[in-house]
Amino acid sequence: MKQSSSLAQFITGTLFTGAGKFMVMVLGIFGLAITTRILTPAEVGLYVLLLAIVIFLSEISSIGLNFAIPKFLPGIEDEDEERLTINTILIFRLFTIVVISVVAFLIAKPLFTLFSATVPATTELLIYISVLVALESIGKLLIAILQGHFKFKTIGLTNTISSMVNFGGILLFVLYFQLGLVGLILAKLASRVIAYGYALLSANLDLRLELDVPILKKLLIFGFPLQINYIMSFIFQRMDVFLIATFLGPLQVGLYEIARRIPDSLAEAYEAFVQVFFPFLSKFSETGENDELTQMLNVSLRWLVFTLLTGAMIAFTFGTEIITLLFSDQYTESGMVFGIVMVSFTIVVLDSTQGYTLIAVGKASKIPQINFVRTLISFVGYFLLIPPLGIVGAAMAGPIAMAMVNPAVVWFLRRSNVAVDYRGYLVSFAIFFTLLACYFGFDMNSILERILLTISFVVANIMLSVVTWDEIRYGITEGYALIERTLAKRHEKNKRTPISNTVDGA
């Protein structure tokens, strides 16, 4: 009963956060579809480079606390201790945010000079970027606190508000006022101010000027190795963008970004999954419920790999048509790269899910060792493959490195008494590459053949029990149950609220 209840909570939480990330994904793609018809690929590429720097600096400012918060908060039962912990984190993080925002102001101008001489690095633009770093840092902190409190509905609404305001900002600043790169930044700023303002109000924090050094020390000792891990993960996942800019220029960065756009949007959905997955695993680890932890991990791995490889099959077979329809025929070259990046993203999700599990079971110190080797291999791959193959080589280097190192992650998990069932996802990969070989080997170009190929992948995974009908039925049942509970609560609220006092009938 307890196991079923935890799984139901997990599914419900994922649906709440996933709804918000779905809005981020859909509106993000629509916003980019507008942007690519107004800005040049080189301008899009420059925006991608600058946004990568913003995200990197905002994460640096946390020094690992964004990982430590959802790990430790669920285990704190005393209200005073919880308040003291949160206020300690807030005071320390405000200091690091100020420092990193100044750094962002100082390095933004050299970056403009390095990647594009056509966009003026005005003081106004530098301030925008610095403020965006501060807002991203504050937002990540608030989301981590909400994770620790299991407020997944609030996280979902925060993401929904952010995506809607950002899309509206693109319509206003980019489409209407034609502000180009500055318009994109203004849209992002507006979305962060409004969404994170809502998150701050919803967090209901008892703010006090108090700082406990032993608590801060404990959190930093846990989080710092993860910070090193993040730096290496960033280098592994995003250094390709900077190397493409160096070797090939911002134009190719723009083409590469379009190929990555849908996988990166799916990364938003994966983040929603992690926001639920990680606190649950941390809770299971703290209470010694190893069987529940192992089951949640293995079911998650099978379903994640199956779902994403289904998307990768569609990307390979219909990628050029999808890219052209969404982003115009300027980006036809991105079609093939789209499929490769989808496979890469599948491996990233597989590895990241196992990595979060290592953190949950207290083996965070192992991750930097793994990432160091992976980053080294990927660097060699980037330098060997980008010059001769361009953005195709950049897309291939990452998954090769990650696939080579992943067995070490599985080994560390097994040594931690987490029985990773790698058979399930390896079978899914085997089916995928077998069908992909048929696609290219037999030149299956007709629409019917491509549709049948995707259907065959799904059917084969079900027949070989990578995913099961029981799991599908359970997920559908829990989804319907969530809808019924939500409608029942709304109905009960309407019964209690006089009609004259309602604003929107809800």
Side-chain angles (χ1 to χ4, degrees), residues 255-256 258-267 269-270 298 301-327 329 331-351 353 381 384-385 388-407 410 421-469 471-472:
L255 295 175
Y256 189 59
I258 294 305
R260 297 177 58 124
R261 182 65 248 188
I262 294 177
D264 282 353
S265 297
L266 292 174
Y270 174 67
N298 287 327
L301 290 177
R302 287 189 288 106
W303 272 94
L304 286 168
V305 170
F306 163 70
T307 303
L308 292 174
L309 285 183
T310 301
M313 185 64 69
I314 295 171
F316 268 109
T317 52
F318 292 96
T320 300
E321 291 88 343
I322 293 171
I323 294 293
T324 302
L325 176 65
L326 290 176
F327 307 114
D329 55 9
Y331 298 93
T332 303
E333 186 181 338
S334 305
M336 176 58 69
V337 184
F338 174 32
I340 300 172
V341 174
M342 276 297 300
V343 176
S344 177
F345 177 63
T346 304
I347 300 174
V348 167
V349 165
L350 168 67
D351 188 80
T353 304
L384 290 177
L385 297 176
L389 299 179
I391 58 177
V392 172
M396 293 174 60
I400 291 172
M402 194 163 284
M404 290 175 66
V405 176
N406 184 258
V410 175
D421 181 15
Y422 51 82
R423 175 199 168 275
Y425 60 80
L426 287 182
V427 168
S428 196
F429 274 108
I431 296 169
F432 175 81
F433 285 114
T434 300
L435 293 175
L436 200 63
C438 294
Y439 172 65
F440 286 110
F442 296 102
D443 199 22
M444 302 170 68
N445 289 323
S446 73
I447 293 178
L448 179 60
E449 287 174 327
R450 288 183 282 172
I451 292 174
L452 288 175
L453 206 66
T454 303
I455 293 174
S456 298
F457 176 77
V458 174
V459 171
N461 274 271
I462 294 174
M463 290 180 64
L464 294 176
S465 298
V466 175
V467 296
T468 67
W469 284 115
E471 291 169 344
I472 295 172

Distance (rounded to the nearest 0.5 Å) between [X] [atom1] and [Y] [atom2]:
X	Y	atom1	atom2	result
Ser334	Ile262	OG	CD1	11.0 Å
Arg261	Phe327	CZ	CZ	7.0 Å
Met336	Ile391	CE	CD1	11.5 Å
Tyr270	Thr353	OH	OG1	3.0 Å

Side-chain heavy atoms of [X] within contact of [Y], under 4.5 Å:
X	Y	value
Asp264	Val341	no
Val392	Ile340	yes
Leu301	Asp421	no
Pro407	Tyr422	no
Ile462	Val466	no

Short side-chain to backbone donor-acceptor contact, [X] and [Y], under 3.5 Å:
X	Y	value
Thr324	Glu321	no
Arg302	Tyr425	no
Thr332	Asp329	yes
Thr346	Met342	yes

Practice prompt. Report yes or no: do Asn461 and Ser428 form a side-chain donor-acceptor pair below 3.5 Å?
Written response: yes
Worksheet item: Any side-chain donor paired with an acceptor under 3.5 Å for Glu449 and Ser446?
Response: yes
Worksheet item: If you draw the axis of the six-membered ring of Tyr439, does the NZ or CZ of Arg450 fall within 45° of it and under 6.0 Å from the ring centre?
Response: no
Worksheet entry | Heavy-atom neighbours of Phe318 CZ exceed 12 at 6.0 Å | yes
Worksheet, complete the sentence: Given the options Leu308, Leu309, Val427, Phe432 meets side chain to side chain contact (heavy atoms under 4.5 Å, CB included) only with Leu309
Worksheet item: Hey, what's the ring geometry for Phe440 with Phe316, parallel, tilted or perpendicular (30° and 60° as the breaks)?
Response: perpendicular
